[in-house]
Amino acid sequence: DEQHNNLIRRQDHGRIDFDDSYDGKDLTPDEAKDITDELREIKSMIRARVERQGTDKERRERERMESLLPEAMWMFRTAERRKKVLTRDHIRSILVLRFGIDLPKRTTKRDTMLEELEKQSAKYPERLV
């Protein structure tokens, strides 16, 4: 362990420069195990960070849909169907939040989403109250 710490200290102070060709053959089994454990921990930390970022993104998207929902519901109930007014985002907010249907965001056309919304609203009118 002392040898490992010395190696790390020397590397930190620039006395040892590992390049991409370093094969680690001079490491003791304990040093190799320590490095493997550290790498495993770093990998776990990176995975957790990526998951948190995904969760934050999903939360922001849901908040955005929730903010659009009242306006979207009003437009849909009043038969407003113009593309510039009842947008894909409005339709999507109703489908996701009222019917639990999350169609692919980028590949689903607005008219397809509107057709699905019409079908679902005929099938479950109580969800639009």
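Counting non-hydrogen atoms of neighbouring residues, nucleotides and ligands closer than 6.0 angstrom, the CD atom of E41 reaches no more than 12 such neighbours.
In terms of the side-chain hydrogen bond (donor to acceptor under 3.5 Å, both in side chains) criterion, R98 has no residue partners (sequence neighbours excluded). In terms of the side-chain hydrogen bond (donor to acceptor under 3.5 Å, both in side chains) criterion, R47 has no residue partners (sequence neighbours excluded). Partners of D37 under the side-chain hydrogen bond (donor to acceptor under 3.5 Å, both in side chains) rule, at least two apart in sequence or in another chain, are K33, R40. For K119, the side-chain hydrogen bond (donor to acceptor under 3.5 Å, both in side chains) criterion is met by no residue, not counting sequence neighbours. Residues meeting the salt bridge (Lys or Arg N to Asp or Glu O under 4.0 Å) test with E58, sequence neighbours left out: none. When the salt bridge (Lys or Arg N to Asp or Glu O under 4.0 Å) test is applied to R59, the partners found at least two apart in sequence or on another chain are E63. With sequence neighbours left out, the side-chain contact (heavy atoms from CB on, under 4.5 Å) criterion links T78 to W74, E80.
The distance from atom CG of D34 to atom CD of E31, rounded to the nearest 0.5 Å, is 7.5 Å. Atom-to-atom distance recorded for S121:OG and M73:CE is 10.0 Å, nearest 0.5 angstrom. Put simply, CZ on F76 and CG on L128 are 6.0 Å apart, with the number rounded to the nearest 0.5 Å. Rounding to the nearest 0.5 Å gives a distance of 10.0 Å between CE of M75 and CZ of R82.
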In a table with atom names and distances, give each donor-acceptor pair under 3.5 Å that connects a side chain of residues 89-97 to protein atoms at least two apart or in another chain.
residue: D89; atom: OD2; partner: R64; partner atom: NH1; Å: 3.4
residue: H90; atom: ND1; partner: V85; partner atom: O; Å: 3.4
residue: H90; atom: ND1; partner: T87; partner atom: N; Å: 3.2
residue: H90; atom: ND1; partner: T87; partner atom: OG1; Å: 2.7
residue: H90; atom: NE2; partner: E71; partner atom: OE1; Å: 3.0
residue: R92; atom: NH1; partner: E61; partner atom: OE2; Å: 3.2
residue: R92; atom: NH2; partner: D102; partner atom: OD1; Å: 2.6
residue: S93; atom: OG; partner: H90; partner atom: O; Å: 2.7

Donor-acceptor contacts under 3.5 Å from residues 107-116 side chains, at least two apart:
residue: T108; atom: OG1; partner: P104; partner atom: O; Å: 2.7
residue: R110; atom: NE; partner: L86; partner atom: O; Å: 3.0
residue: R110; atom: NH2; partner: R81; partner atom: O; Å: 2.9
residue: R110; atom: NH2; partner: L86; partner atom: O; Å: 3.0
residue: E116; atom: OE2; partner: Q120; partner atom: NE2; Å: 2.9

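In the hydrophobic clustering, where aliphatic and aromatic side chains (Ile, Leu, Val, Met, Phe, Trp, Tyr) are joined below 4.5 Å either directly or transitively, M45 stands alone.
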